[in-house]
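A short write-up of the structure that comes next.
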Amino acid sequence: MSPPVFRFAPSPNGYLHLGHAYSALLNADRARETGGRLLLRIEDIDATRCRPEFEAAIFEDLAWLGIAWETPVRRQSEHPADYRAALEKLSALGLVYPSFESRAEITKLVAAREADSPWPRDPDGAPHYPGTASELPPAERERLIASGMPYALRLDMAAACRRVPALDWTEAGEGPDGERGQVIARPEAWGDVILARKETPTSYHLSVVVDDALQGVSEVVRGQDLFHATSVHRLLQVLLGLPAPAYRHHGLVRDEAGRKLSKSTRATGLRELRAGGAGPSDISRLVGLR
Ligand code: GLU
């Protein structure tokens, strides 16, 4: 049997903090315990927020923590063709449509709909796509795209769920409400998620699913903030004919006020802690490991 494959997949849009250290150390521990491999993947599809200096800092901070990963490192920005192929597969199933509303227009549409009754929100609290672009005739779509309008390519969630009526995953960790074992996926809770944009030919959901499969990842160890996203990932895996990894979601490191850490909070940044004299073993202790 081939060894299990783990990955730590940060986005280089800021410096790593204690929460990242916890996730990376858990992945490294699991890889060591199981005789598995540890990959590092740079999730840099958002060109407006990702910067080379943050990527360099990720390498430096992880090496300082004592984590070793395989090379070459996969950088998502270098593989648009892989994501395009997946998108085309979903399009060929008739599950993808372009929507043309701006963020401000979407906010207005949601407000109008909420005047009558509550409008559904996704597990992250964002409103479901409220527009009617899925009903535009093909000629009108082509006209709008040809006119140079920005657009987002969305998954027709209702149609996708009709194709894949029952879906679950194996949770070796725990969801935010104590979910574990076989968890029923509820992708419909997300509405018509974005799969790509005119200027970015992929999205977090699409690229993570494509990459985990291409890289042979067998166990995804990541924070509970991504637990509900797993429902979308499982749906895309089935639609694309990709294998399902096992999932192990872990609790989040929180600040003293109980808030999720952010890349802009200096007190919990690995660089700041290091500058203040902390060593790798202090970081392990601070996140409750070892
Ligand atoms: N790139 C994502 C992040 O920085 C993590 C993706 C994943 O683990 O699935 O939060």
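Counting convention: from 1, in listed order, for ligands and their atoms alike. This is a predicted model, so every value here is computed, not measured. We use all heavy atoms of the structure for the numbers below, so side chains are in, but hydrogens, waters and symmetry mates are not.
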So, E171 and R180, do they make that salt bridge, N to O below 4.0 Å? no
Check ligand 1 for N or O atoms under 3.5 Å from a protein N or O and list each pair with its distance.
unit_1, atom_1, unit_2, atom_2, d
ligand 1, 1 (N), A9, O, 2.7
ligand 1, 1 (N), S11, OG, 3.2
ligand 1, 1 (N), E43, OE1, 2.6
ligand 1, 8 (O), R7, NH1, 2.8
ligand 1, 9 (O), R7, NH2, 3.0
ligand 1, 9 (O), Y204, OH, 2.9
ligand 1, 9 (O), R222, NH1, 2.9

Hey, is the main chain of A139 close enough, under 3.5 Å, to the side chain of E142 for a donor-acceptor pair? no
For E199, look at atom CD and say whether over 12 heavy atoms of other residues, nucleotides or ligands are found less than 6.0 Å away. yes
Does E135 have any salt bridge (Lys or Arg N to Asp or Glu O under 4.0 Å) partners at least two apart in sequence or in another chain, and if so, which? none
Determine whether the aromatic ring centres of residues F227 and W169 are separated by less than 6.0 angstrom. yes
Is there a side-chain hydrogen bond (donor to acceptor under 3.5 Å, both in side chains) between E101 and Y129 once you walk through the steps? CA-CA 10 Å; E101 295 90 349; Y129 171 64; 2.8 Å; yes
